[in-house]
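If you're wondering where the values come from, they're calculated on a predicted model, not measured in any experiment. Chain letters run A, B, ... following the sequence lines, proteins first, then strands; residues in each count from 1.
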2 protein chains.
Amino acid sequence: MYEHSIRTVTTQTLRRMPYYMHQLKLLQNENVTTVSAPKIAERLNLNEVQVRKDFAAVSSSKGKPKTGFLISELLYNMEELLGYHNADEAILIGTGPLAQAIITHEGIQNYGLRIIAVFDTVDDNIGSEINGIKVLASDKISNLCRRMKIRLGIITVPAKQAQGICDQLIAGGVQAIWNFSQVHLSVPEHILVHDENFAASLAILSKHLKK
Amino acid sequence: MYEHSIRTVTTQTLRRMPYYMHQLKLLQNENVTTVSAPKIAERLNLNEVQVRKDFAAVSSSKGKPKTGFLISELLYNMEELLGYHNADEAILIGTGPLAQAIITHEGIQNYGLRIIAVFDTVDDNIGSEINGIKVLASDKISNLCRRMKIRLGIITVPAKQAQGICDQLIAGGVQAIWNFSQVHLSVPEHILVHDENFAASLAILSKHLKK
DNA sequence: TAGATTGTTAATCGATTAACAATC
DNA sequence: TAGATTGTTAATCGATTAACAATC
(Lines give C-alpha, C1' and ligand atoms only; values in the text may rest on other atoms or scores of the structure.)
Protein backbone atom coordinates (compact mmCIF):
# COMPACT_ATOMS: atom_id res chain seq x y z
CA MET A 1 0.00 0.00 0.00
CA TYR A 2 1.87 3.01 -1.27
CA GLU A 3 1.16 6.60 -2.29
CA HIS A 4 -0.36 6.68 -5.73
CA SER A 5 -2.57 9.72 -5.68
CA ILE A 6 -1.32 13.06 -6.93
CA ARG A 7 -4.76 14.59 -6.77
CA THR A 8 -4.68 17.45 -4.31
CA VAL A 9 -7.10 17.68 -1.43
CA THR A 10 -8.79 21.04 -1.84
CA THR A 11 -10.61 22.99 0.83
CA GLN A 12 -13.91 22.01 -0.74
CA THR A 13 -12.96 18.36 -0.60
CA LEU A 14 -12.07 18.72 3.07
CA ARG A 15 -15.38 20.37 3.75
CA ARG A 16 -17.23 17.37 2.33
CA MET A 17 -15.15 14.84 4.21
CA PRO A 18 -17.23 14.69 7.42
CA TYR A 19 -20.37 14.04 5.38
CA TYR A 20 -18.67 11.15 3.63
CA MET A 21 -17.48 9.76 6.93
CA HIS A 22 -20.96 9.87 8.38
CA GLN A 23 -22.41 7.94 5.43
CA LEU A 24 -19.59 5.42 5.53
CA LYS A 25 -20.22 4.80 9.22
CA LEU A 26 -23.93 4.33 8.62
CA LEU A 27 -23.17 1.70 5.98
CA GLN A 28 -20.60 0.06 8.20
CA ASN A 29 -23.25 -0.28 10.90
CA GLU A 30 -25.32 -2.23 8.39
CA ASN A 31 -22.32 -4.50 7.87
CA VAL A 32 -21.74 -3.29 4.34
CA THR A 33 -18.04 -3.48 3.46
CA THR A 34 -17.73 -1.71 0.11
CA VAL A 35 -19.41 1.26 -1.51
CA SER A 36 -19.36 3.05 -4.85
CA ALA A 37 -19.01 6.77 -5.45
CA PRO A 38 -22.42 7.01 -7.19
CA LYS A 39 -24.09 5.44 -4.16
CA ILE A 40 -22.63 7.99 -1.76
CA ALA A 41 -23.29 10.78 -4.23
CA GLU A 42 -26.95 9.88 -4.33
CA ARG A 43 -27.25 9.83 -0.55
CA LEU A 44 -25.61 13.23 -0.21
CA ASN A 45 -27.10 14.90 -3.25
CA LEU A 46 -23.71 15.37 -4.84
CA ASN A 47 -22.35 14.81 -8.31
CA GLU A 48 -20.93 11.32 -8.67
CA VAL A 49 -17.74 12.47 -10.40
CA GLN A 50 -17.08 14.85 -7.56
CA VAL A 51 -17.39 12.07 -5.02
CA ARG A 52 -15.17 9.80 -7.10
CA LYS A 53 -12.51 12.47 -7.33
CA ASP A 54 -12.74 13.17 -3.61
CA PHE A 55 -12.34 9.47 -2.85
CA ALA A 56 -9.42 9.23 -5.25
CA ALA A 57 -7.81 12.16 -3.47
CA VAL A 58 -7.87 10.53 -0.05
CA SER A 59 -7.90 6.78 -0.65
CA SER A 60 -4.63 4.94 -0.15
CA SER A 61 -5.60 2.36 -2.77
CA LYS A 62 -7.58 2.51 -5.98
CA GLY A 63 -11.24 1.73 -6.26
CA LYS A 64 -12.31 -1.41 -8.07
CA PRO A 65 -14.56 -1.07 -11.12
CA LYS A 66 -17.97 -2.58 -10.44
CA THR A 67 -17.26 -2.85 -6.69
CA GLY A 68 -16.17 0.56 -5.52
CA PHE A 69 -14.12 1.30 -2.43
CA LEU A 70 -13.45 -0.57 0.79
CA ILE A 71 -15.38 1.32 3.45
CA SER A 72 -13.06 0.54 6.34
CA GLU A 73 -10.05 1.68 4.39
CA LEU A 74 -11.69 4.87 3.16
CA LEU A 75 -12.76 5.73 6.68
CA TYR A 76 -9.30 5.13 8.02
CA ASN A 77 -7.75 7.28 5.30
CA MET A 78 -10.17 10.11 6.02
CA GLU A 79 -9.62 9.98 9.76
CA GLU A 80 -5.90 10.01 9.16
CA LEU A 81 -6.19 12.95 6.77
CA LEU A 82 -8.24 14.97 9.25
CA GLY A 83 -5.94 14.11 12.11
CA TYR A 84 -8.52 12.22 14.17
CA HIS A 85 -5.79 9.82 15.22
CA ASN A 86 -3.52 12.44 16.71
CA ALA A 87 -5.47 15.28 18.26
CA ASP A 88 -4.55 18.91 17.84
CA GLU A 89 -4.33 20.89 21.04
CA ALA A 90 -6.13 24.19 21.14
CA ILE A 91 -6.95 26.99 23.51
CA LEU A 92 -10.27 28.76 23.72
CA ILE A 93 -10.77 32.42 24.53
CA GLY A 94 -14.09 33.53 25.98
CA THR A 95 -16.48 31.95 28.48
CA GLY A 96 -19.85 32.95 27.07
CA PRO A 97 -22.61 30.58 25.94
CA LEU A 98 -20.86 29.98 22.63
CA ALA A 99 -17.64 28.98 24.40
CA GLN A 100 -19.71 26.64 26.57
CA ALA A 101 -21.33 25.14 23.49
CA ILE A 102 -17.98 24.51 21.84
CA ILE A 103 -16.40 22.92 24.89
CA THR A 104 -19.32 20.62 25.53
CA HIS A 105 -19.94 19.84 21.86
CA GLU A 106 -20.17 16.04 21.58
CA GLY A 107 -18.37 15.93 18.26
CA ILE A 108 -15.38 18.06 18.89
CA GLN A 109 -13.33 15.61 20.91
CA ASN A 110 -13.98 12.93 18.29
CA TYR A 111 -12.85 15.29 15.57
CA GLY A 112 -9.31 15.29 16.84
CA LEU A 113 -9.38 18.42 18.92
CA ARG A 114 -8.39 18.86 22.55
CA ILE A 115 -9.08 22.14 24.26
CA ILE A 116 -6.43 22.35 26.93
CA ALA A 117 -6.95 25.84 28.31
CA VAL A 118 -9.61 28.53 28.48
CA PHE A 119 -9.00 32.26 28.80
CA ASP A 120 -11.16 35.28 29.39
CA THR A 121 -10.75 39.03 29.42
CA VAL A 122 -13.36 39.61 32.11
CA ASP A 123 -11.76 39.68 35.56
CA ASP A 124 -14.80 38.23 37.30
CA ASN A 125 -14.62 35.05 35.25
CA ILE A 126 -10.96 34.35 35.83
CA GLY A 127 -10.32 31.51 38.23
CA SER A 128 -13.77 29.99 37.69
CA GLU A 129 -14.13 26.64 35.98
CA ILE A 130 -15.82 25.74 32.74
CA ASN A 131 -16.35 22.07 32.10
CA GLY A 132 -13.62 21.28 34.57
CA ILE A 133 -11.10 23.61 32.95
CA LYS A 134 -9.86 26.57 34.96
CA VAL A 135 -10.29 29.95 33.27
CA LEU A 136 -7.05 31.90 32.94
CA ALA A 137 -6.36 35.62 32.44
CA SER A 138 -5.99 36.58 28.80
CA ASP A 139 -2.63 38.26 29.29
CA LYS A 140 -1.13 34.81 29.71
CA ILE A 141 -2.18 33.66 26.25
CA SER A 142 1.00 34.11 24.24
CA ASN A 143 3.11 32.74 27.03
CA LEU A 144 1.12 29.56 27.38
CA CYS A 145 0.86 29.06 23.64
CA ARG A 146 4.59 29.28 23.30
CA ARG A 147 5.29 27.05 26.28
CA MET A 148 2.80 24.37 25.23
CA LYS A 149 3.43 24.73 21.51
CA ILE A 150 -0.27 25.41 20.87
CA ARG A 151 -1.04 25.87 17.20
CA LEU A 152 -4.79 26.55 17.20
CA GLY A 153 -6.73 29.29 18.96
CA ILE A 154 -10.52 29.54 19.17
CA ILE A 155 -11.87 33.06 19.57
CA THR A 156 -15.35 33.60 21.03
CA VAL A 157 -14.90 37.05 22.56
CA PRO A 158 -16.94 40.12 21.53
CA ALA A 159 -16.01 42.03 18.39
CA LYS A 160 -14.05 44.77 20.14
CA GLN A 161 -11.64 42.39 21.80
CA ALA A 162 -11.19 39.95 18.96
CA GLN A 163 -8.26 41.55 17.14
CA GLY A 164 -6.33 42.04 20.39
CA ILE A 165 -6.76 38.40 21.34
CA CYS A 166 -5.83 37.41 17.83
CA ASP A 167 -2.59 39.38 18.06
CA GLN A 168 -1.68 37.62 21.28
CA LEU A 169 -2.31 34.24 19.70
CA ILE A 170 -0.07 35.13 16.78
CA ALA A 171 2.57 36.37 19.21
CA GLY A 172 2.31 32.98 20.89
CA GLY A 173 3.09 31.23 17.63
CA VAL A 174 -0.37 29.92 16.84
CA GLN A 175 -0.76 28.82 13.20
CA ALA A 176 -4.54 28.79 12.80
CA ILE A 177 -7.50 30.60 14.31
CA TRP A 178 -11.10 29.51 14.54
CA ASN A 179 -12.90 32.82 14.69
CA PHE A 180 -16.42 32.95 16.16
CA SER A 181 -16.30 36.71 16.62
CA GLN A 182 -18.21 38.62 13.98
CA VAL A 183 -15.30 40.66 12.69
CA HIS A 184 -12.47 40.33 10.23
CA LEU A 185 -9.11 39.52 11.79
CA SER A 186 -5.90 40.84 10.28
CA VAL A 187 -3.14 38.24 10.37
CA PRO A 188 0.16 37.52 8.61
CA GLU A 189 0.13 35.58 5.31
CA HIS A 190 0.89 32.14 6.67
CA ILE A 191 -1.80 32.12 9.39
CA LEU A 192 -5.16 30.57 8.55
CA VAL A 193 -8.29 32.21 9.93
CA HIS A 194 -11.48 30.24 9.59
CA ASP A 195 -14.51 32.41 10.22
CA GLU A 196 -17.70 31.10 11.76
CA ASN A 197 -19.81 34.14 11.12
CA PHE A 198 -23.47 33.89 12.09
CA ALA A 199 -24.25 37.25 10.55
CA ALA A 200 -22.90 36.06 7.21
CA SER A 201 -24.97 32.88 7.45
CA LEU A 202 -28.09 34.84 8.27
CA ALA A 203 -27.43 37.16 5.36
CA ILE A 204 -27.60 34.20 3.00
CA LEU A 205 -30.67 32.71 4.64
CA SER A 206 -32.70 35.88 4.85
CA LYS A 207 -31.92 36.80 1.25
CA HIS A 208 -33.39 33.44 0.24
CA LEU A 209 -36.52 34.21 2.23
CA LYS A 210 -37.02 37.51 0.46
CA LYS A 211 -38.33 35.80 -2.68
CA MET B 1 -33.30 57.51 -5.99
CA TYR B 2 -34.26 54.63 -8.27
CA GLU B 3 -33.07 51.18 -9.17
CA HIS B 4 -30.10 51.37 -11.48
CA SER B 5 -28.07 48.30 -10.68
CA ILE B 6 -28.48 45.10 -12.65
CA ARG B 7 -25.52 43.50 -10.96
CA THR B 8 -26.71 40.44 -9.09
CA VAL B 9 -26.02 39.92 -5.44
CA THR B 10 -24.29 36.55 -5.23
CA THR B 11 -23.98 34.35 -2.19
CA GLN B 12 -20.36 35.37 -1.86
CA THR B 13 -21.33 39.03 -1.90
CA LEU B 14 -23.90 38.39 0.83
CA ARG B 15 -21.31 36.62 2.92
CA ARG B 16 -19.07 39.68 2.84
CA MET B 17 -21.86 42.11 3.65
CA PRO B 18 -21.64 41.94 7.48
CA TYR B 19 -17.92 42.68 7.31
CA TYR B 20 -18.58 45.75 5.21
CA MET B 21 -21.29 46.88 7.58
CA HIS B 22 -18.96 46.59 10.54
CA GLN B 23 -16.29 48.70 8.87
CA LEU B 24 -18.84 51.27 7.77
CA LYS B 25 -20.11 51.58 11.32
CA LEU B 26 -16.60 52.01 12.67
CA LEU B 27 -16.02 54.86 10.22
CA GLN B 28 -19.38 56.37 11.02
CA ASN B 29 -18.41 56.44 14.70
CA GLU B 30 -15.40 58.53 13.70
CA ASN B 31 -17.80 60.93 11.97
CA VAL B 32 -16.54 60.00 8.52
CA THR B 33 -19.33 60.34 5.95
CA THR B 34 -17.91 58.86 2.73
CA VAL B 35 -15.59 56.00 1.94
CA SER B 36 -13.95 54.48 -1.13
CA ALA B 37 -13.89 50.84 -2.14
CA PRO B 38 -10.07 50.66 -1.98
CA LYS B 39 -10.14 51.94 1.60
CA ILE B 40 -12.55 49.23 2.74
CA ALA B 41 -10.70 46.64 0.69
CA GLU B 42 -7.48 47.47 2.49
CA ARG B 43 -9.09 47.19 5.92
CA LEU B 44 -10.62 43.81 5.13
CA ASN B 45 -7.79 42.38 3.08
CA LEU B 46 -9.95 42.10 -0.01
CA ASN B 47 -9.44 42.98 -3.64
CA GLU B 48 -10.56 46.53 -4.37
CA VAL B 49 -12.45 45.60 -7.52
CA GLN B 50 -14.37 43.00 -5.59
CA VAL B 51 -15.42 45.56 -3.01
CA ARG B 52 -16.37 48.04 -5.70
CA LYS B 53 -18.51 45.45 -7.44
CA ASP B 54 -20.13 44.45 -4.18
CA PHE B 55 -20.92 48.09 -3.40
CA ALA B 56 -22.30 48.62 -6.90
CA ALA B 57 -24.53 45.58 -6.39
CA VAL B 58 -26.17 46.93 -3.26
CA SER B 59 -25.93 50.69 -3.45
CA SER B 60 -29.05 52.57 -4.49
CA SER B 61 -26.97 55.32 -6.07
CA LYS B 62 -23.65 55.38 -7.87
CA GLY B 63 -20.34 56.10 -6.25
CA LYS B 64 -18.56 59.33 -7.04
CA PRO B 65 -15.08 59.19 -8.57
CA LYS B 66 -12.49 60.57 -6.17
CA THR B 67 -14.99 60.57 -3.28
CA GLY B 68 -16.44 57.10 -3.09
CA PHE B 69 -19.74 56.17 -1.48
CA LEU B 70 -21.95 57.78 1.13
CA ILE B 71 -21.56 55.63 4.22
CA SER B 72 -25.02 56.23 5.66
CA GLU B 73 -26.66 55.31 2.39
CA LEU B 74 -24.55 52.20 1.87
CA LEU B 75 -25.34 51.05 5.38
CA TYR B 76 -29.04 51.61 4.89
CA ASN B 77 -28.99 49.73 1.59
CA MET B 78 -27.17 46.78 3.16
CA GLU B 79 -29.52 46.63 6.14
CA GLU B 80 -32.44 46.73 3.78
CA LEU B 81 -30.95 43.97 1.61
CA LEU B 82 -30.35 41.72 4.58
CA GLY B 83 -33.78 42.37 6.02
CA TYR B 84 -32.60 44.05 9.22
CA HIS B 85 -35.54 46.41 8.99
CA ASN B 86 -38.21 43.72 8.93
CA ALA B 87 -37.20 40.74 11.02
CA ASP B 88 -37.72 37.14 9.91
CA GLU B 89 -39.43 34.94 12.40
CA ALA B 90 -37.85 31.58 13.09
CA ILE B 91 -38.24 28.59 15.33
CA LEU B 92 -35.42 26.73 16.99
CA ILE B 93 -35.31 23.01 17.64
CA GLY B 94 -33.11 21.72 20.42
CA THR B 95 -32.29 23.02 23.91
CA GLY B 96 -28.64 22.07 24.26
CA PRO B 97 -25.74 24.46 24.84
CA LEU B 98 -25.64 25.36 21.16
CA ALA B 99 -29.32 26.29 21.19
CA GLN B 100 -28.66 28.41 24.28
CA ALA B 101 -25.76 30.12 22.55
CA ILE B 102 -27.88 30.94 19.52
CA ILE B 103 -30.78 32.30 21.51
CA THR B 104 -28.61 34.48 23.70
CA HIS B 105 -26.28 35.54 20.89
CA GLU B 106 -26.02 39.34 21.06
CA GLY B 107 -25.94 39.77 17.33
CA ILE B 108 -28.83 37.67 16.21
CA GLN B 109 -31.65 40.01 17.16
CA ASN B 110 -29.85 42.86 15.44
CA TYR B 111 -29.45 40.76 12.32
CA GLY B 112 -33.15 40.74 11.68
CA LEU B 113 -34.07 37.44 13.26
CA ARG B 114 -36.68 36.74 15.88
CA ILE B 115 -36.86 33.30 17.44
CA ILE B 116 -40.48 32.95 18.43
CA ALA B 117 -40.63 29.33 19.58
CA VAL B 118 -38.35 26.59 20.81
CA PHE B 119 -38.95 22.86 20.48
CA ASP B 120 -37.30 19.74 21.79
CA THR B 121 -37.59 16.02 21.32
CA VAL B 122 -36.62 15.17 24.88
CA ASP B 123 -39.71 14.84 27.08
CA ASP B 124 -37.94 16.09 30.19
CA ASN B 125 -37.16 19.42 28.59
CA ILE B 126 -40.66 20.15 27.37
CA GLY B 127 -42.45 22.82 29.37
CA SER B 128 -39.22 24.27 30.72
CA GLU B 129 -38.14 27.75 29.70
CA ILE B 130 -35.10 28.88 27.80
CA ASN B 131 -34.41 32.59 27.80
CA GLY B 132 -38.02 33.24 28.66
CA ILE B 133 -39.37 31.09 25.82
CA LYS B 134 -41.37 27.99 26.71
CA VAL B 135 -40.08 24.76 25.17
CA LEU B 136 -42.69 22.89 23.13
CA ALA B 137 -42.97 19.26 22.06
CA SER B 138 -41.49 18.60 18.65
CA ASP B 139 -44.62 16.96 17.28
CA LYS B 140 -46.20 20.41 17.18
CA ILE B 141 -43.61 21.82 14.80
CA SER B 142 -45.38 21.58 11.46
CA ASN B 143 -48.62 22.78 12.95
CA LEU B 144 -47.14 25.88 14.49
CA CYS B 145 -45.07 26.68 11.41
CA ARG B 146 -48.15 26.56 9.28
CA ARG B 147 -50.27 28.56 11.69
CA MET B 148 -47.65 31.27 12.24
CA LYS B 149 -46.34 31.22 8.67
CA ILE B 150 -42.82 30.52 9.89
CA ARG B 151 -40.30 30.34 7.07
CA LEU B 152 -37.03 29.60 8.84
CA GLY B 153 -36.14 26.67 11.09
CA ILE B 154 -32.94 26.32 13.11
CA ILE B 155 -31.89 22.76 13.83
CA THR B 156 -29.56 22.02 16.76
CA VAL B 157 -30.64 18.48 17.57
CA PRO B 158 -28.28 15.46 17.44
CA ALA B 159 -27.51 13.84 14.10
CA LYS B 160 -30.00 11.00 14.43
CA GLN B 161 -33.00 13.28 14.87
CA ALA B 162 -32.03 15.96 12.39
CA GLN B 163 -33.65 14.57 9.23
CA GLY B 164 -36.91 13.86 11.06
CA ILE B 165 -37.11 17.40 12.40
CA CYS B 166 -36.19 18.70 8.98
CA ASP B 167 -39.09 16.78 7.42
CA GLN B 168 -41.50 18.30 9.92
CA LEU B 169 -40.25 21.78 9.13
CA ILE B 170 -40.74 21.17 5.43
CA ALA B 171 -44.21 19.81 6.13
CA GLY B 172 -44.91 23.03 8.00
CA GLY B 173 -44.00 25.07 4.95
CA VAL B 174 -40.62 26.35 6.08
CA GLN B 175 -38.51 27.73 3.20
CA ALA B 176 -35.03 27.73 4.70
CA ILE B 177 -33.16 25.73 7.32
CA TRP B 178 -30.15 26.72 9.37
CA ASN B 179 -28.58 23.38 10.12
CA PHE B 180 -26.26 23.05 13.11
CA SER B 181 -26.51 19.26 13.14
CA GLN B 182 -23.51 17.54 11.66
CA VAL B 183 -25.36 15.68 8.93
CA HIS B 184 -26.61 16.27 5.42
CA LEU B 185 -30.32 17.02 5.19
CA SER B 186 -32.34 15.89 2.19
CA VAL B 187 -34.83 18.53 1.13
CA PRO B 188 -36.86 19.47 -1.96
CA GLU B 189 -35.24 21.67 -4.65
CA HIS B 190 -36.64 25.00 -3.56
CA ILE B 191 -35.66 24.74 0.13
CA LEU B 192 -32.36 26.29 1.19
CA VAL B 193 -30.28 24.47 3.78
CA HIS B 194 -27.38 26.40 5.23
CA ASP B 195 -24.99 24.11 7.07
CA GLU B 196 -23.01 25.21 10.08
CA ASN B 197 -20.78 22.20 10.33
CA PHE B 198 -18.09 22.29 12.99
CA ALA B 199 -16.59 19.05 11.76
CA ALA B 200 -16.14 20.55 8.30
CA SER B 201 -14.53 23.64 9.80
CA LEU B 202 -12.17 21.57 11.88
CA ALA B 203 -11.27 19.50 8.84
CA ILE B 204 -10.02 22.64 7.12
CA LEU B 205 -8.21 23.92 10.19
CA SER B 206 -6.46 20.70 11.12
CA LYS B 207 -5.35 20.12 7.53
CA HIS B 208 -3.65 23.50 7.65
CA LEU B 209 -1.89 22.50 10.86
CA LYS B 210 -0.50 19.36 9.30
CA LYS B 211 2.16 21.27 7.38
C1' DT C 1 -20.04 -11.14 -22.35
C1' DA C 2 -22.66 -7.05 -20.50
C1' DG C 3 -22.88 -3.54 -17.39
C1' DA C 4 -21.57 -0.98 -13.46
C1' DT C 5 -17.98 1.62 -11.97
C1' DT C 6 -13.46 3.44 -12.17
C1' DG C 7 -10.02 7.11 -13.53
C1' DT C 8 -8.97 10.92 -16.63
C1' DT C 9 -9.27 14.50 -20.04
C1' DA C 10 -11.99 18.22 -21.72
C1' DA C 11 -15.83 21.54 -21.24
C1' DT C 12 -18.42 24.48 -18.41
C1' DC C 13 -19.49 27.51 -14.88
C1' DG C 14 -18.93 31.10 -11.38
C1' DA C 15 -16.18 34.05 -8.98
C1' DT C 16 -12.05 36.80 -8.67
C1' DT C 17 -8.72 39.78 -10.55
C1' DA C 18 -6.52 42.62 -14.17
C1' DA C 19 -6.76 46.25 -17.46
C1' DC C 20 -8.49 50.53 -18.83
C1' DA C 21 -11.41 54.28 -20.20
C1' DA C 22 -14.59 57.73 -17.95
C1' DT C 23 -15.25 61.26 -14.40
C1' DC C 24 -15.17 64.26 -10.60
C1' DT D 1 -4.98 70.00 -14.72
C1' DA D 2 -3.52 65.72 -12.21
C1' DG D 3 -4.79 62.00 -9.70
C1' DA D 4 -7.85 59.16 -7.16
C1' DT D 5 -11.64 56.51 -7.85
C1' DT D 6 -15.47 54.80 -10.39
C1' DG D 7 -17.71 51.37 -13.58
C1' DT D 8 -17.02 47.86 -17.08
C1' DT D 9 -15.01 44.56 -20.20
C1' DA D 10 -11.74 40.92 -20.64
C1' DA D 11 -8.56 37.49 -18.59
C1' DT D 12 -7.65 34.28 -15.11
C1' DC D 13 -8.41 30.96 -11.79
C1' DG D 14 -10.56 27.11 -9.34
C1' DA D 15 -14.06 24.03 -8.87
C1' DT D 16 -17.74 21.35 -10.87
C1' DT D 17 -19.63 18.60 -14.39
C1' DA D 18 -19.68 16.10 -18.85
C1' DA D 19 -17.76 12.75 -21.88
C1' DC D 20 -15.47 8.56 -22.57
C1' DA D 21 -12.19 4.87 -22.64
C1' DA D 22 -10.44 1.17 -19.40
C1' DT D 23 -11.49 -2.65 -16.29
C1' DC D 24 -13.32 -5.94 -13.24
For residues 78-93 of chain B, dump all side-chain donor-acceptor pairs below 3.5 Å to protein atoms at least two apart in sequence or in another chain.
residue: B:E79; atom: OE1; partner: B:H85; partner atom: NE2; Å: 2.9
residue: B:E80; atom: OE1; partner: B:H85; partner atom: ND1; Å: 2.6
residue: B:E89; atom: OE2; partner: B:R114; partner atom: NH2; Å: 2.9

Can you tell me if B:Q168 and B:S138 form a side-chain donor-acceptor pair at under 3.5 Å?
-> no
Expected list for residues 26-45 of chain A: side-chain donor-acceptor pairs under 3.5 angstrom, two or more places apart:
residue: A:S36; atom: OG; partner: A:K39; partner atom: N; Å: 3.3
residue: A:R43; atom: NH1; partner: A:Q23; partner atom: OE1; Å: 2.9

Is A:R52 near enough to C:dT6 that one of its side-chain N or O atoms lies under 4.0 angstrom from OP1 or OP2?
-> yes
Quickly work out the B:F69 CZ to C:dC24 C1' distance and round it to whole Å.
-> 14 Å
Does the A:H208 side chain pair with the main chain of B:Q175, one donor and one acceptor, at a distance under 3.5 Å?
-> yes
Determine: side-chain N/O of B:Q50 to OP1/OP2 of C:dT16, distance under 4.0 Å, yes or no.
-> yes
Euclidean distance, atom CZ of residue A:R16 to atom C1' of D:dG14 [Å, nearest integer] = 12 Å
Tell me: CG of B:L74 to P of D:dT6, nearest whole Å?
-> 10 Å
Mind checking side chain to side chain donor-acceptor pair (under 3.5 Å) for B:T67 and listing every partner two or more places apart, or none if nothing turns up?
-> none
When the distance from NZ of A:K66 to P of C:dG7 is rounded to whole Å, what number comes out?
-> 16 Å
So which of A:D195, A:I170, A:L192 actually passes side-chain contact (heavy atoms from CB on, under 4.5 Å) with A:I177?
-> A:I170
For the pair made of NZ in B:K64 and C1' in C:dA22, what is the distance, rounded to whole Å?
-> 16 Å
Got a sec? Which of residues 186-196 of chain A come in under 4.0 Å of DNA chain D, heavy atoms?
-> none
Parallel, tilted or perpendicular: ring planes of B:F55 versus B:Y20, cut at 30 and 60 degrees | perpendicular
Its dot-bracket string being built from Watson-Crick and G-U pairs below 3.5 Å, with | for another strand and [ ] for crossing, DNA chain D has the pattern ..||||||||||||||||||||||
Could you say whether A:P65 or A:Q12 is positioned toward the 5' end of DNA chain D, judged by the nucleotide with the nearest heavy atom to each?
-> A:Q12
Check: D:dT23 base within 3.5 Å donor-acceptor of A:K62 side chain | no
So does B:K53 reach the base of D:dT5 with its side chain, donor to acceptor, closer than 3.5 Å?
-> no
Exercise: do B:Q50 and B:D54 side chains pair donor with acceptor under 3.5 Å = no
Scan residues 27-49 of chain B against DNA chain C and write down, sorted by residue number, each residue with any heavy atom closer than 4.0 Å; if none is found, say none.
-> B:N47, B:V49
